[in-house]
**Student:** 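I'd like to ask you about the structure that follows.
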Amino acid sequence: MKFAILVNEGPYNHQASDSAYQFAKAAIDKGHRVSRIFFYHDGVNNATRLTEPPQDDRHIVNRWTKLAEEQSVDLVVCVAAALRRGLVEENLAPGFRISGLGQLVEAGIQSDRLVTFGD
Amino acid sequence: MKFAILVNEGPYNHQASDSAYQFAKAAIDKGHRVSRIFFYHDGVNNATRLTEPPQDDRHIVNRWTKLAEEQSVDLVVCVAAALRRGLVEENLAPGFRISGLGQLVEAGIQSDRLVTFGD
Amino acid sequence: MEEEMSGTIKKFMFINRKAPYGTVYALEGLEVVLISAAFDQDVSLTFADDGVYQLRKGQHTKGIDVKNFSPTYRALEGYDIEKLYVEKESLDARGLTEDDLLVPVEVLTSAEIGALMDEQDVVISF
Amino acid sequence: MEEEMSGTIKKFMFINRKAPYGTVYALEGLEVVLISAAFDQDVSLTFADDGVYQLRKGQHTKGIDVKNFSPTYRALEGYDIEKLYVEKESLDARGLTEDDLLVPVEVLTSAEIGALMDEQDVVISF
Amino acid sequence: MLHIVNKSPYERNSLDGCLRIAKKGGAILLIEDAVYAATKGNAAEAKLKSAMANLPVYALSADLEARGMHESVIDGVKLVDYAGFVDLVAENPNVQSWL
Amino acid sequence: MLHIVNKSPYERNSLDGCLRIAKKGGAILLIEDAVYAATKGNAAEAKLKSAMANLPVYALSADLEARGMHESVIDGVKLVDYAGFVDLVAENPNVQSWL
């Protein structure tokens, strides 16, 4: 089955991005395809390359980058939400791309299920 | 009277930083002193110089910078919270400084009132 | 739009459960709704819980220095987005009636909204 | 610490009203509490509403891949932070008792907590 | 003590926590989405009115206006602007935000 | 339809909204802080039990364990891991997250 995921909150502050990652990983492990993960609202903050969490904590941003590289998941950051919050090409982590909201609607059309994680 | 303010949420996503700004401005207009504004949790995202809100919207980050410059308000971003969220010297807006959590406790000790704005 | 999408019409429901201004979800949710109009899908909007406050007449945001986006709900018709549902139970609990709202809506019971929700292909909640 | 601060002892109360893990407030709130210990102030912690869940015994976070910070509450005593208050009404509503908590606390009624809160110089809520 | 509440009484339990714990002699200020609690016909109206017997309740007028609720305010709730908010903080010996 | 709830039944009204609107034939999955609703003696227990007559209720075990609540689960609530979460999404024709 083809899944798309919507992540509405930033890393660390809310569990949303953790839950979304665990869900994506489990879906892939079960043989499903995660075609796109769309980051909206504060969710755009998942895409900054500048985070430096404590050594003994998970690195949420790097985890997404790795997922994109190893599983060809399309990580899309909403441009309008990103501009409001200071997420631009300059601080964008590898594996993410910035694009329009149409990519979210398209994901809804093209995938079998769209699952939202937020606050 | 000497006020300190704690801002716990990022710009645009929650009204907290708007309310904190309006409160600070009103306090100064009434002749009080706002000695320090401390940014914690997602509040650290108020300090990024990379936001580009729509033209017809308020520019929350620039508003803080102007307040710091015109009223000598000490804008302090918590270093631990900032590292988790990708806020570092590289993307820090003018008027803000990154420092430790002790600055929050110190603000509580040295000010007459500490007012918190959050989610 | 890609080739594989041509002809696909899905039922999209956007559920609004948050009050305006206190958080950005109402505003950014509306931005998604507007974009969805370009995709020729079967789009509906549901307002429940504090989401019904989004449609309150007479919003004046000058005092909080935040943009008043409530006129945009009136523009939805121009985008051919005409299915606006409001949950009766949520209106009642807030002392509001249809007359308090700034656009014409269809007031439905919780059960009716539940039934409509069940029929959707994609449900996005803000 | 600056000269003007020497000798100043204020009553600081940290109020914890959020469950752990779903949001970061509990963890980052605890970080403030630990720092406050270095300032020789009169510090107390209150747990009310979902904040009482922070003290639940038996937290195992491996499955969600998030750091288990609950052992830190046991370390508070070593920082001379010994005033931990838990609201009885919040425990009761959640089916919890003192035995379910991982540190010794003083269980107080809402009214008693309200009275203590009134006496504080600085109240910070997470 | 000034108790500040900023969340809708429907969405969150912060007003409930405040009303349970706040002591007589203090004051309550409703800002942001919490101003809905100060409007007529809302489900929290009875709770708020009963609290008003012990504590004065204020609401921030700019937040009521933004939400189109400024003409629906419950009798007895006092409206303040941001300057009035500052005064409340200054007049009360301490302050708690019910986040 | 799968209804996902992620907030504590005390802090937010999202479980209430879900229980009011969710139709028979669907299923409810409690994740993150919403797993507290699946634990014995909590104030939402009666509501949840009554809902279980019409809809199966699932709870994410990793979230229960993180919160130390895995031994307090209400009888009849089914535990799932992340793989079971994926199965629930796949088995139900559509999904709504009650944010």
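Remember, it's a predicted structure, so these values are computed and weren't measured experimentally. Values reported hereafter were calculated over all heavy atoms of this structure, with side chains retained and with hydrogens, waters and symmetry mates removed. Reminder, nothing fancy here: chain letters follow the sequence lines and each chain counts from 1.
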**Student:** The criterion is side-chain hydrogen bond (donor to acceptor under 3.5 Å, both in side chains); which residues satisfy it with Gln22(B), sequence neighbours excluded?
**Tutor:**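 Expected list: none.
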**Student:** Show me the donor-acceptor pairs within less than 3.5 Å that the side chains of residues 23-31 of chain A make with the rest of the protein, sequence neighbours left out.
**Tutor:**
residue, atom, partner, partner atom, Å
Lys30(A), NZ, Asp87(F), OD1, 3.1
Lys30(A), NZ, Asp87(F), OD2, 3.2

**Student:** Between Arg85(B) and Asn13(A), is there a side-chain donor-acceptor contact under 3.5 Å, judged purely by atom types and distance?
**Tutor:**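 Side chains of Asn13(A) and Arg85(B): pair found under 3.5 Å.
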**Student:** For chain B, which of His59(A), Glu90(A), Arg84(A) has the most heavy-atom pairs under 4.5 Å?
**Tutor:**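 Of His59(A), Glu90(A), Arg84(A), Arg84(A) has the most heavy-atom pairs under 4.5 Å with chain B.
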**Student:** Heavy atom to heavy atom, less than 4.5 Å: which residues from residues 60-83 of chain B reach chain A?
**Tutor:**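 Hits under 4.5 Å: Leu83(B).
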**Student:** Using a heavy-atom distance cut-off of less than 4.5 Å, which residues of residues 40-56 of chain A contact chain B?
**Tutor:**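 Within residues 40-56 of chain A, the residues that come under 4.5 Å of chain B (heavy atoms only) are His41(A), Asp42(A), Asn45(A), Thr48(A), Arg49(A), Leu50(A), Thr51(A), Glu52(A), Pro53(A), Pro54(A).
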